[in-house]
Every structure is written in structure tokens, then in C-alpha cells.
Protein chains: 2
Amino acid sequence: MGRTQARGRSGRRRGAPDTRGEILAAARAEFGERGYDGATMRGIARAAAVDPALVHHYFGTKEKLFLAAMEIPFDPVIISERIADTTSTMGIGERAIRTFLGVWGDPVGRAPILAMLRSAMRHEAAATLLRQFITRVVLGRVLVAFESMPDGALRAEAMVSHLVGLAIVRYVVKLEPIASVSDEELIALVAPVLQRYFDGGLPPSPG
Amino acid sequence: MGRTQARGRSGRRRGAPDTRGEILAAARAEFGERGYDGATMRGIARAAAVDPALVHHYFGTKEKLFLAAMEIPFDPVIISERIADTTSTMGIGERAIRTFLGVWGDPVGRAPILAMLRSAMRHEAAATLLRQFITRVVLGRVLVAFESMPDGALRAEAMVSHLVGLAIVRYVVKLEPIASVSDEELIALVAPVLQRYFDGGLPPSPG
DNA sequence: CGGCAGATTCACCGAATGGTGAATTGCCGG
DNA sequence: CCGGCAATTCACCATTCGGTGAATCTGCCG
């Protein structure tokens, strides 16, 4: 066999196919599924039914493609503001888990974060990226709700860490029954627990 | 330069060095640090100051070495029994987080689980492995405490997922301040929240 | 209709990886 | 002191990966 699906003739294809977009979509999927190192240029090219060199033609290097794939697909600002929105009648626990499920429920929104998460498992650099992402984009907004209380940062991070764990157990490891349970059921279970990080009593002073 | 630290002469080394053990230790470290795919035979060999072929000589294939590296180093049965131990005066939340910190605090105990976690991020097979590990080794024991209540499995998994998230945020992403806070402080914060999964009110019947 | 620019593929490269087989060296039992 | 076995290394292989440079084909602008 040749090296790609669309093999044979070289040159421009008929019509006006959004090849660049297809590559980007394939890249998002592959990066999300396998992480930075796990995904390969060739694999992405194959998924996009395109010659590997074309991927380089459009995006230059793998790293640039990765960065391009991490862009756009959801607006983290809106998201984190929804979490911090104090006008809502919901507790911050429920707002957090609802927002979380909203983002992770959509495969398109899930892919880039999954990619960052998977990559952070192996690259110190990616871990740093994820750390900054959490700190600036997520925590930065959540923190305003916690800022007036002692150990605010710690509590906020504990809350976020639970969400991170949920993401992994539910979407990566796919542990049953938690992977298949409905959103509402999960919210009912988790929201009050998360909420406790916000209005729970101060820890019985350690030491 | 040659291809390894201990280069130059071939043949058996003097004395009775536990080379096999050193390779295994190096493998545990590398697998723990980089996951299954991230770690390389050559890297492990380099870390053990040994020729790559020697690694194959002792363990055959990379997969066998991985399995060998995952063995032994902690006794999960004892651990999970400690969690489930109903004679303790501690709540199950505190027992869980204490046991968790006990395992993860020790780099030797941490390495294999970290390796499984990192690998599960990319290999469906590893994810299955981790799923079984959690199900059989951890959840199996914790579940006895939950078995009499509705949604017992779900609650237990929610609890475990928080611990997974803590592991990642604290030991992989190293988010501050949660990465540096003392064990006792973390216990004081997290234990009561976890406990709520056990004795918290039933969720307002879904549907 | 001519030609340029862009889209697409082909044919490579150098490096790294998992793995193999044979050679060399040292230890230990007879 | 000798012979065999285990420990250790060397020299390779096939594969894959990211990346490059040139060739080819086609749509579109003048």
C-alpha cells in the first residue's frame, strides 16, 4: 500500500475542501486521545486522509500543531465566570460540578483539556502548562469566592482536585458505574460534598 | 564515547553486584516518572549504568520488565484492609486519606501506582489494568463499608476519584499550595469532606 | 488561454527505539 | 587448573518518528 488513503495523484484536489480544518480536527482528536507524545504526525495525517508532509506544510512543527489544536474550541473565561457567578442561587459546589460536566460532556470541549492532562503526565513542561491553566483560568476565578476565608487557595485547589479525579475516573479509566451514571445523578451526589469545601467548618486547628 | 557508563570491557563484573535489582529499581523510577511508553529500555539501562542488552537479558521484553517493576513494592491487601477496618475510631474518610497519604508519601510505594496512572492515560490496556486494580484492590475493600447503602458503589467511586485527583494535583502537577502543605493539614481539610460521601444524606432521589 | 501560486504528494534523512545473536570476561565447582 | 555457566557488552536490524526539499497537479486571476 501507499503511505496514505488519498494516495496516487499529487497536486491540488478538486473543490474547496477545508483540509487545514480537517487536519486540525484530527489533531485535536489524536492529541486528546493519546496525549502529545502518543499522537504522531503520521497518525494525524492518516486520520485526516492526507499526506504527512501536508501536515508539516500547514503547521510546520508538531509543537506548533499542538498549540494550534489547543486553541479556540471553548471559551474558558465564560466557563470560569460561570463558576464564580455569585448571583446564582446555586451553591458554588453545584455550579462547579455543573460547569465541569458541561465542558467534559462535550467531546470537542473535552479533547484539549484531556490532551493537556495526558501530556502533563509525562512532560514537565506540559505539567507546567496545565498548572498555569488551572491556576489562571480556573482557579483564578474560583478563588474570588474563597478569597475571604483562611486556607482559601487550599480549599479551592482541593475542590479542583476532586474534579480532576472525576475527569480521570469517569472519562479516562471509565470506572463503572460512575462512568455511565447520568449527569444529574452525579451532580446530586457530588455537589453537596464539594460545597462543604466552601462552607464547611474550619479544620480543627492542626498540630 | 561508548554507549553506557559502565563501558569498556565486556564480561562479568567483579564482586556480586545485584545488577538485576538495580535495573528493577531504575525501571520503577523511569516507569513511574514517564509512564510505560515514555520510559525507554535504553533510558532504564542508562539509569542503571548498564548495557541495554543486559536489560533484555534479564527481563526479555519491555512489557515483562514493566510487569516485574509493578510487583511487590507494597502490600495492597494490608492497605485496603486498613481502609476498611471498622474497628478504628476514625471515620472512613480519615482512614482513606491517611492510607492514601501513607502510600503516596513514600516514593517507592508511589512509583508503581504513578506508572499505572500515567500509562492509563494512553493505553486502553493500561486503563483496563488500572480499572481492575482500583476495582479489586481498593474498591473491593472500601465497598464493604458502603455495601449496605443505596448507591454504595457510586459513593465509593466518588471518594476514590477525589483521591485520584489529589494524587495528580499534588504529586504530578504539583500545584501550590496543595503540593507542599503538610499531611496533617491536608487530612484535616479533606477527611470530613470525604466522610460526607459515607454518611451524607441521600441525594434527593433523582428522576 | 497562460501562468503563477498554492495544495498535495514523493522520496528521502538522521535519530531513536525495541529487540537479537554472538562474542568476551569472570566466577565457581570439580 | 580447567571447563562450563552466567554476566556483560558489541555490533547489528527493522521500524517508526519528526522533518525537509523538490516534484507535480489544479484552481484561479489576468
Side-chain angles (χ1 to χ4, degrees), chain A residues 1-24 26-27 30-31 33-69 119 122-123 125-126, chain B residues 1-24 26-27 30-31 33-69 119 122-123 125-126:
Chain A
M1 319 242 154
R3 53 190 53 193
T4 159
Q5 231 86 344
R7 93 157 197 303
R9 315 233 303 284
S10 303
R12 192 175 196 132
R13 273 190 280 172
R14 328 225 151 195
D18 180 22
T19 310
R20 205 191 120 105
E22 287 169 23
I23 294 179
L24 216 86
E30 291 284 304
F31 280 131
E33 214 166 310
R34 311 178 203 262
Y36 182 80
D37 302 274
T40 74
M41 289 285 133
R42 288 164 151 88
I44 291 169
R46 204 178 310 127
V50 144
D51 188 279
L54 191 55
V55 181
H56 283 102
H57 172 67
Y58 277 121
F59 298 95
T61 148
K62 184 181 185 182
E63 192 170 330
K64 285 184 194 163
L65 173 59
F66 180 73
L67 292 180
S119 308
R122 291 189 35 204
H123 277 343
Chain B
M1 324 221 161
R3 53 191 51 194
T4 159
Q5 232 86 345
R7 87 158 193 301
R9 317 231 304 284
S10 305
R12 190 176 198 132
R13 272 189 280 173
R14 326 227 153 198
D18 180 22
T19 310
R20 206 191 120 105
E22 287 169 26
I23 294 178
L24 227 108
E30 291 283 305
F31 280 130
E33 214 166 309
R34 309 177 204 264
Y36 181 79
D37 302 275
T40 73
M41 292 282 131
R42 288 165 150 88
I44 292 169
R46 205 178 311 127
V50 143
D51 187 279
L54 191 56
V55 181
H56 283 103
H57 172 67
Y58 276 122
F59 298 95
T61 149
K62 185 181 184 181
E63 192 170 330
K64 285 185 194 163
L65 173 60
F66 180 72
L67 292 179
S119 309
R122 291 187 37 203
H123 277 343

Interatomic distance, [X] [atom1] vs [N] [atom2] [rounded to whole Å]:
{"X": "A/D18", "N": "C/dA7", "atom1": "CG", "atom2": "P", "value": "11 Å"}
{"X": "B/I23", "N": "D/dA7", "atom1": "CD1", "atom2": "C1'", "value": "10 Å"}
{"X": "B/L54", "N": "C/dT20", "atom1": "CG", "atom2": "C1'", "value": "14 Å"}
{"X": "B/H57", "N": "D/dT8", "atom1": "NE2", "atom2": "P", "value": "8 Å"}
{"X": "A/L65", "N": "D/dG19", "atom1": "CG", "atom2": "C1'", "value": "13 Å"}
{"X": "A/I44", "N": "D/dC17", "atom1": "CD1", "atom2": "C1'", "value": "12 Å"}

Going by the rule side-chain contact (heavy atoms from CB on, under 4.5 Å), which residues pair with [X] if we only count those two or more places apart in sequence or in a different chain?
{"X": "A/R20", "answer": "A/D18, A/Y58, A/F59"}
{"X": "A/A53", "answer": "A/D51"}
{"X": "A/T40", "answer": "A/R42"}

Partners passing ring-ring contact (aromatic ring centres under 6.0 Å, His included) against B/F66 (at least two apart in sequence or in another chain)
B/F31, B/Y36
Find every protein N or O atom lying less than 3.5 Å from an N or O atom of nucleotides 16-18 of chain C, and list the pairs.
from   : atom 1 : to    : atom 2 : distance (Å)
C/dG18 : OP1    : B/K62 : NZ     : 3.0
C/dG18 : OP2    : B/M41 : N      : 3.0
C/dG18 : N7     : B/R42 : NH1    : 2.4
C/dG18 : O6     : B/R42 : NH2    : 3.3

In dot-bracket notation, what is the pairing pattern of DNA chain C, taking Watson-Crick (N1-N3 plus N6-O4 or O6-N4) and G-U wobble (N1-O2 and O6-N3) contacts under 3.5 Å, with [ ] crossing and | for other strands?
||||||||||||||||||||||||||||||
Nearest 0.5 Å, what's the CG-CG distance between A/L24 and A/L65?
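Interatomic distance, A/L24 CG to A/L65 CG, rounded to 0.5 Å: 6.5 Å.
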Locate the shortest heavy-atom distance separating [X] from [Y]; write the atom from each residue and the value.
{"X": "B/M41", "Y": "B/V55", "result": "SD-CG1, 3.9 Å"}
{"X": "A/A27", "Y": "A/A69", "result": "CB-CB, 4.3 Å"}
{"X": "B/A47", "Y": "B/E30", "result": "CB-OE2, 4.4 Å"}

Would you indicate which nucleotide in D/dG21, D/dC10, C/dT8 comes nearest to any side-chain atom of B/D51?
D/dC10
Listed nucleotide nearest any side-chain atom of B/T19, set D/dT9, D/dG21, D/dT8
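The answer is D/dT8.
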Is any side-chain nitrogen or oxygen of B/Y58 closer than 4.0 Å to OP1 or OP2 of D/dA6?
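No, B/Y58 has no side-chain N/O under 4.0 Å of OP1/OP2 on D/dA6.
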